[in-house]
Number of protein chains: 2
Amino acid sequence: MSGAPVTIGEAARATGVSAKMIRYYEETGLIAPAARTRSGYRLYVASDLHALRFVRRARDLGFAVEDIRALLALWHDRARASAEVRALALAHVTDLRRRIDALEDMARTLEDLAAHCGGDARPDCPILDDLAAGPPPKPAATPTRGSRAGKASALPLRSR
Amino acid sequence: MSGAPVTIGEAARATGVSAKMIRYYEETGLIAPAARTRSGYRLYVASDLHALRFVRRARDLGFAVEDIRALLALWHDRARASAEVRALALAHVTDLRRRIDALEDMARTLEDLAAHCGGDARPDCPILDDLAAGPPPKPAATPTRGSRAGKASALPLRSR
DNA sequence: GTGGGGCTTCCCACGGTGGGAAGGTCAAGG
DNA sequence: CCTTGACCTTCCCACCGTGGGAAGCCCCAC
């Protein structure tokens with residue numbers, strides 16, 4: 001229960017955020033600059049640790065750092081509307097689902113190909129054949145490349 | 001059907017790999033250095049385009065560039081055993097599935113939280129509460145998961 | 001006072017991708 | 001012949017989040 005400030009190493013251990021990342025978050029303004037000892041050591045009190053755990057949890061849920069910035073702002077705004085938070089979360093879910101679908105497509109395709117691949121000592125291999133054939137034929141009529149559509153967020157993932 | 005060599009821009013258009021990326025792949029040794037005109041322009045023949053399409057397709061299937069290096073080697077090795085290719089593909093599928101599961105967990109958790117969130121003008125919000133609570137309690141019992149096991153490949157994703 | 005572990009800052013790397021500057025080349029059109 | 005504009009070249013920078021490591025303080029226990 002000691003409310004005494006701790007150094008960055010302890011904060012890291014206590015929150016699961018590496019010291020490196022804590023400094024990075026501070027540098028980029030995601031978290032407030034920590035207090036310092038006279039000799040320059042960063043010091044963290046309970047509320048700082050709380051914020052760090054918040055960030056950690058949000059990262060675990062796949063939020064990009066920029067999203068977390070917004071979430072933190074809402075967290076600190078005691079008058080926020082829960083609708084705002086909800087919207088943020090659901091937008092993120094949409095993003096996650098899109099990525100899941102993309103990965104799922106890849107996995108299914110590869111499983112299909114693998115299923116038709118002997119997997120023996122012979123060289124014939126539908127997997128390589130598929131790769132060599134290049135991009136799959138466009139499924140539909142549409143102007144041979146309406147393709148250039150929406151950029152999908154550069155997945156903030158890590159699994160650690 | 002002209003077998004005439006094309007410049008990098010045409011190669012890019014023909015294969016769906018940007019000129020930037022073609023140069024990058026060459027630089028990193030993924031593809032062989034292109035032939036050059038006397039004035040230094042890169043020139044691509046049909047087999048080069050074929051290789052580029054191969055790379056493109058493999059990227060589309062989520063393979064990391066390093067994996068593609070191996071796949072290309074197998075492709076060029078006419079005596080390869082299809083088992084090798086299959087193993088590579090299935091290892092990648094495993095990886096994809098792991099990532100899918102992770103994303104799925106995130107999405108489900110967020111959906112759960114959102115479901116219990118009023119989403120109105122009031123400030124109470126289980127989503128923020130959850131984030132503020134930090135990492136979820138260990139599911140306990142079982143040998144605390146084999147958890148910190150395998151490093152999960154740093155997701156080669158892009159959706160373009 | 002000395003050793004070792006912590007802290008500081010600073011730079012570098014990764015995977016892939018795009019942006020853009022500064023300059024060379026090439027073909028078409030005046 | 002010369003200009004124009006599209007294309008090519010190399011080179012550096014940025015993104016995002018993370019880790020590695022060097023060089024140099026600081027602090028505590030012995």
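Naming: A, B, ... by sequence-line order, numbering from 1 per chain.
- For the pair B/I8 CD1 and D/dA6 C1', the interatomic distance rounds to 15 Å; values are reported in whole Å.
- Contact annotation for A/T37: no contact, since no heavy-atom pair falls under 4.0 Å across all strands.
- Put simply, CZ on B/R69 is 12 Å from C1' on C/dG15, counting in whole angstrom units.
- Phosphate proximity of D/dC7 to B/T7: absent, as no side-chain N or O sits under 4.0 Å from OP1 or OP2.
- Using a 4.0 Å heavy-atom cutoff across all strands shown, B/R23 reaches at least one base atom of the nucleic acid.
- Nucleic acid contact class of A/R36 (heavy atoms, under 4.0 Å, all strands): sugar-phosphate only.
- Here the side chain of B/M21 is nearest to one of D/dG17, C/dC26, C/dT17, namely C/dT17.
- Distance CZ/B/R36 to CG/B/L43: 9.0 Å, rounded to 0.5 Å.
- In this structure, CG of A/D60 is placed 14 Å from P of D/dG17, rounded to the nearest angstrom.
- Spacing between atom CD of B/E10 and atom P of C/dA27 amounts to 13 Å, rounded to whole angstrom units.
- Across the protein-nucleic acid pair, A/R42 atom CZ and C/dT9 atom C1' stand 9 Å apart, rounded to whole Å.
- If you measure from atom CD1 of A/I31 to atom P of D/dG17, you get 14 Å, rounded to the nearest angstrom.
- The side chain of A/R59 lies closest to D/dT18, out of D/dT18, D/dC27, C/dG18.
- Toward the 5′ end of DNA chain D lies the nearest nucleotide of B/G9, the other residue of the pair A/E66 and B/G9 mapping further downstream.
- Using modelled atom types, no side-chain atom of A/D130 and backbone atom of A/I127 make a donor-acceptor pair closer than 3.5 Å.
- The distance from the CG atom of A/D60 to the CG atom of B/L131 is 10.0 Å, given to the nearest 0.5 Å.
- Contact annotation: side chain of B/K20 to base of C/dG20, donor-acceptor pair present below 3.5 Å.
- Distance, B/R38 CZ to D/dC8 P: 18 Å, rounded to whole Å.
- A close approach under 4.0 Å does not occur between any side-chain nitrogen or oxygen of A/S39 and OP1 or OP2 of C/dC7.
- The base of C/dG24 sits within donor-acceptor range of the side chain of B/Y41, with an N or O pair under 3.5 Å.
- Going from atom CG of A/D105 over to atom CG of A/L110 covers 11.0 Å, rounded to the nearest 0.5 Å.
- Checked by atom type, the side-chain pair A/D124/B/S82 shows no donor-acceptor distance below 3.5 Å.
- One atom, OH of A/Y24, and another, C1' of C/dC11, lie 16 Å apart when rounded to the nearest Å.
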